[in-house]
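Some notes on the structure that comes next.
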Amino acid sequence: SKRQTLFFSATMPKDIKLLAHDILRDPAIVQVDHAVPLSTISHALYPVDRQQKTALLMEILRHTDTESVLVFTRTKQRARLVAQQLKKDGYNVTSLQGDMSQRNRQGAMNGFRNGTYKILVATDIAARGIDVSRISHVINYDMPDGTDSYIHRIGRTGRIGKNGDAFTFVTGEDNAAVR
């Protein structure tokens with residue numbers, strides 16, 4: 001009957017706050033540096049034509065010293081296609097998206113976590129709750145849907161005092177979202 005429930009999140013959307021107040025008794029919210037971006041993450045925008053995204057990704061991977069890379073796409077199909085292209089080009093890669101079985105998802109995550117795969121191409125299913133401390137780069141192959149999504153995606157790098165890089169590919173269609 002006496003239990004303490006703790007809920008952690010990089011962002012707290014209004015709907016989640018309302019839910020917490022509805023189901024919890026005397027909830028308290030503690031925010032730590034909620035308005036300050038992590039100083040351990042550097043951010044870069046890469047303007048690119050939509051058709052050139054994969055070529056740009058290949059160039060970045062070829063010329064950037066990376067430990068482990070998490071690439072975010074907007075759709076399940078694109079995650080699969082980008083992963084297939086990277087694999088074809090000799091990269092040690094797996095993908096993670098919503099229509100995979102739990103066993104396959106777990107296999108992909110375990111392989112990424114233990115270093116079997118150096119690159120994980122994923123949808124936003126991987127943006128929250130994934131704890132892999134050695135991710136050096138997050139690449140937004142597709143622009144995230146909003147600032148909360150961006151915060152969760154890039155929060156996979158620059159952890160535990162390590163530095164990380166967040167690269168975002170920007171097409172002409174993304175200009176409003178960038179602003």
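Side chains are part of it too, since the values below use all heavy atoms of this structure and drop only hydrogens, waters and symmetry mates.
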Donor-acceptor contact present, side-chain N92 to main-chain T116, <3.5 Å: yes
Do L19 and D15 touch side chain to side chain, with heavy atoms closer than 4.5 Å? no
Would you say the side chains of T73 and D142 form a donor-acceptor pair under 3.5 Å? no
Can you check whether T157 reaches D165 side chain to side chain, under 4.5 Å on heavy atoms? no
Could you work out, with side chain to side chain donor-acceptor pair (under 3.5 Å) as the rule, every residue matching S95, not counting sequence neighbours? Q97
Determine whether L24 and T5 make a side-chain contact, defined as any pair of heavy atoms from C-beta on separated by less than 4.5 Å. yes
Do I60 and I41 sit in the same hydrophobic cluster, where Ile, Leu, Val, Met, Phe, Trp and Tyr count as joined when their side-chain heavy atoms come under 4.5 Å apart? no
Applying the 4.5 Å side-chain criterion to the ILVMFWY set and letting contacts propagate, would V82 and Y91 be lumped into a single cluster? yes
Side chain to side chain contact (heavy atoms under 4.5 Å, CB included) between F72 and T123, worked out: CA-CA 5 Å; F72 282 104; T123 58; over 6 Å; no
Determine whether T64 and H137 satisfy the following criterion, side chain to side chain contact (heavy atoms under 4.5 Å, CB included), listing intermediate values before the conclusion. CA-CA 10 Å; T64 305; H137 292 75; 3.4 Å; yes
Side chain to side chain, R134 and R113, heavy atoms closer than 4.5 Å: no
Please list, chain by chain and in numerical order, all residues satisfying side-chain contact (heavy atoms from CB on, under 4.5 Å) with E59, sequence neighbours excluded. R62, H63
Just by distance, do the side chain of T66 and the backbone of V69 share a donor-acceptor pair under 3.5 Å? no
Side chains of residues 170-179: which donor-acceptor partners sit under 3.5 Å, not counting sequence neighbours?
| residue | atom | partner | partner atom | Å |
| --- | --- | --- | --- | --- |
| T171 | OG1 | E173 | N | 3.4 |
| T171 | OG1 | D174 | OD2 | 3.1 |
| E173 | OE2 | R50 | NH2 | 2.3 |
| D174 | OD2 | T171 | N | 2.9 |
| N175 | ND2 | G172 | O | 3.3 |

Tell me whether T40 contacts the main-chain N or O of N163 through its side chain, where contact means a donor paired with an acceptor under 3.5 Å. no
Side-chain (D49) to main-chain (Q51) donor-acceptor, under 3.5 angstrom: no
Would a distance-only check, ignoring hydrogens and angles, find a side-chain to backbone donor-acceptor pair under 3.5 Å from K76 to M100? no
Audit row: L57, V71, side chain to side chain contact (heavy atoms under 4.5 Å, CB included) steps and yes/no: CA-CA 9 Å; L57 177 61; V71 179; 4.2 Å; yes
Same cluster for L56 and L45 if Ile/Leu/Val/Met/Phe/Trp/Tyr side chains link at under 4.5 Å? no
The reported gap from NE2 in H21 to CD1 in I16 (rounded to nearest 0.5 angstrom) is 12.0 Å
Would you tell me whether Y117 and S68 have side-chain atoms, one donor and one acceptor, within less than 3.5 Å of each other? no
Would you please test R103 and Q106 for side chain to side chain contact (heavy atoms under 4.5 Å, CB included) and show each step? CA-CA 5 Å; R103 183 172 164 254; Q106 197 60 49; 5.9 Å; no
Please tell me if the side chains of F167 and N140 come closer than 4.5 Å, counting only heavy atoms from C-beta onward. no
Is any side-chain heavy atom of K118 closer than 4.5 Å to a side-chain heavy atom of V93? no
Quick one: are V121 and T94 in side-chain contact, heavy atoms under 4.5 Å? no
Could you measure the distance from the CG atom of L70 to the CD1 atom of I154? Nearest 0.5 Å is fine. 12.0 Å
Check R74 with D124, please: is the shortest side-chain N to carboxylate O separation under 4.0 Å? no
So, do E67 and I135 sit near enough that their side-chain heavy atoms are less than 4.5 Å apart? no
Spatial distance of atom CG (L96) from atom CZ (R80) [nearest 0.5 Å]: 11.5 Å
What distance do L86 atom CG and L81 atom CG have between them, rounded to the nearest 0.5 Å? 11.0 Å
Can you tell me how the ring of F169 sits relative to the ring of Y141, calling it parallel under 30°, perpendicular over 60° and tilted otherwise? tilted
Assess whether salt bridge (charged side-chain N to carboxylate O under 4.0 Å, His left out) is satisfied between D145 and R153, documenting all intermediate values. CA-CA 11 Å; D145 288 332; R153 283 180 177 191; over 6 Å; no
If only atom types and distance count, is the side chain of R105 paired as donor or acceptor with the main-chain N or O of G98 below 3.5 Å? yes
